[in-house]
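The structure appears below as structure tokens.
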Amino acid sequence: EYNISVIAISIGSVNTYSYECDSLYTVMTNAINNAVANNIPVTIGTGNAGSSTGISFPSCVANALSVGATNKDDYLAPYSNYNQFVKVFAPGTYIHSTCLNGGYCYNTGTSMATPMVAGAIAILQQYVGLTGNLLTPSEMENLLFQTGDPILNLPDSWKRINIYNAVMTDLIDLDGDFLINGSDLAILLGDWGQCTDECEADFNGDGIVNADDLALLLGHWNSYSGDPLSVDLPQEEKEILNAFISKTEKDYQENLEIKN
């Protein structure tokens, strides 16, 4: 009815919780659950006590999309709460934004990181809507996590969002697993050539699946630790990939010679 893409909540309790806290205040929990049931993600800041085990209410509600904060150097912000329920982070340190009394000022906290994630989700929702797809709040969170950048002083269990990577992955993710890997490569090479109908692998919309589309896919390869050539492909498709990689390497060497 109101065409809401995402909700951002930048409030939190002083106490932190290491468990899912749905029973603490059921009115808030029910509101979050109702939004998520209507496919509206609810982003909530984790709080600013610097805890690595507990997060504030209501970010600890099971259906909340909890948001931690980084600094501008991609390190965990020392004030940011986080634990095993938090997947995504965004810059929250010294952020230039609007002030309560008018004008602009700088503020710091997970309250500043939360609207960045909400904004990223709004962009993704708009893009996904244009492609005719639909992502649930949990799928949206997973996409932001899978395509995020490492936080330099944390393990890979936590990521700083990268909206460009998220949009490109959704475009190029041909099998819908939020990863660009061998199965997507196999689908693209299977569609190689002129499109007789709408081609899913025709990323740039020029009516043909060719080296330009392959370059986009390989440029966003984010889930396979080895050489793409080691993916199990039919011989004809592997020859296409071999030829593309050989040409790319040749072009690269020629560009180096020109620069030198």
Taking atom types as modelled, is there a side-chain donor on Ser13 or Asn15 under 3.5 Å from an acceptor on the other?
-> no
Hits for side chain to side chain donor-acceptor pair (under 3.5 Å) against Thr46, two or more places apart or cross-chain, chain-then-number order -> none
What about Tyr19 and Tyr82, same hydrophobic cluster or not, with Ile/Leu/Val/Met/Phe/Trp/Tyr joined at side-chain heavy-atom distances under 4.5 Å?
-> no
Do the non-hydrogen side-chain atoms of Leu152 and Asp73 ever get within less than 4.5 Å of each other?
-> no
Please tell me if the side chains of Ile151 and Tyr75 come closer than 4.5 Å, counting only heavy atoms from C-beta onward.
-> no
How about Gln126 and Ser5: do any of their side-chain heavy atoms sit closer than 4.5 Å?
-> no
Taking all heavy atoms of Leu144 and all of Ala166, pick out the closest pair and write down the distance.
-> CD2-CB, 4.2 Å
Is the backbone N or O of Asp206 less than 3.5 Å from a side-chain atom of Asp202, with the two atoms forming a donor-acceptor pair by type?
-> yes
Find out whether Ile163 and Met168 are in side-chain contact, i.e. whether some heavy atom of one side chain is under 4.5 Å from a heavy atom of the other.
-> no
Over all heavy atoms of both residues, which pair between Ser80 and Gly68 is shortest? Give the atoms and the distance, please.
-> OG-CA, 3.5 Å
Taking every heavy atom of Gly92 against every heavy atom of Met112, the minimum-distance pair comes out as O-CB, 3.9 Å
Of all residues at least two apart in sequence or in a different chain, which pass the side chain to side chain donor-acceptor pair (under 3.5 Å) check with Asn33?
-> Asn63
Using only heavy-atom distances, determine whether the side chains of Thr147 and Asn162 contain a donor-acceptor pair under 3.5 Å.
-> no
With sequence neighbours left out, which residue pairs that include part of residues 146-165 fulfil the salt bridge (charged side-chain N to carboxylate O under 4.0 Å, His left out) condition?
-> Asp74-Arg160, Asp149-Arg160
Can you check whether Thr110's main-chain N or O pairs, donor with acceptor, with Asn48's side chain at less than 3.5 Å?
-> yes
Any side-chain heavy atom of Phe203 sitting closer than 4.5 Å to one from Asp212?
-> no
Verify same cluster id: Leu214, Ile208 (apolar side-chain graph, 4.5 Å) | no
Do you reckon Ile11 sits in the same ILVMFWY cluster as Met116, going by side-chain contacts under 4.5 Å, direct or chained?
-> no
What residues form a side chain to side chain contact (heavy atoms under 4.5 Å, CB included) with Glu139, not counting sequence neighbours?
-> Leu135, Thr136, Phe178
When you measure from the side chain of Thr29 to the backbone N and O of Asp22, does any donor-acceptor pair fall under 3.5 Å?
-> yes
Could you list the donor-acceptor pairs under 3.5 angstrom formed between side-chain atoms of residues 93-106 and any protein atom two or more places apart in sequence or on another chain?
from, atom 1, to, atom 2, distance (Å)
Thr93, OG1, Thr70, O, 3.4
Thr93, OG1, Tyr79, OH, 2.9

Using the rule that two of Ile, Leu, Val, Met, Phe, Trp, Tyr join whenever any of their side-chain heavy atoms come within less than 4.5 Å, decide whether Tyr17 and Ile32 are in one cluster.
-> yes
Sidechain-backbone polar pair: Ser59 side chain, Ser56 backbone, donor-acceptor under 3.5 Å | yes
Quick one: pull up CG in Asp191 and CG in Asn210 and give me the separation to the nearest 0.5 Å.
-> 12.0 Å
Can you see which heavy atom on Trp192 is nearest to which on Ala211, and at what distance?
-> CH2-N, 3.4 Å
Is it true that a side-chain atom of Asn34 and a backbone atom of Ala31 form a donor plus acceptor pair closer than 3.5 Å?
-> no
Within one Ile-Leu-Val-Met-Phe-Trp-Tyr cluster: Val209 and Leu185, side-chain cutoff 4.5 Å | yes
Shortest non-hydrogen contact from Thr43 toward Ala118 = OG1-CB, 3.7 Å
Short question: side chain of Gln194, backbone of Gly207 - any donor-acceptor pair under 3.5 Å?
-> yes
Heavy-atom side-chain contact between Ile180 and Thr169 under 4.5 Å = yes
Answer whether the closest heavy-atom distance between the side chains of Leu65 and Val42 falls below 4.5 Å.
-> no
Return yes if some donor-acceptor pair links the side-chain N/O of Asn153 with the main-chain N/O of Leu76 below 3.5 Å, else return no.
-> yes
Closest contact, heavy atoms only, Asn81 versus Ser51 = OD1-N, 2.9 Å
Residues 83-90, side-chain donor-acceptor partners within the protein, below 3.5 Å, at least two apart:
from, atom 1, to, atom 2, distance (Å)
Asn83, OD1, Phe85, N, 3.0
Asn83, ND2, Thr53, O, 3.2
Lys87, NZ, Asn142, OD1, 2.5

Calculate, to the nearest 0.5 Å, the distance between atoms CD1 and CG belonging to Ile172 and Asp184 respectively.
-> 9.0 Å
Is there a donor-acceptor contact under 3.5 Å from the side chain of Asn30 to the main chain of Val27?
-> no
Rounded to the nearest 0.5 Å, how far does CD1 of Ile7 lie from CD1 of Ile44?
-> 9.0 Å
Could you tell me whether the side chain of Thr114 reaches within less than 4.5 Å of the side chain of Ile9, counting heavy atoms only?
-> no
What distance separates Glu20 CD from Ile55 CD1, expressed to the nearest 0.5 Å?
-> 9.0 Å
Expected output: side-chain Ser10 to main-chain Ser111 donor-acceptor under 3.5 Å = yes
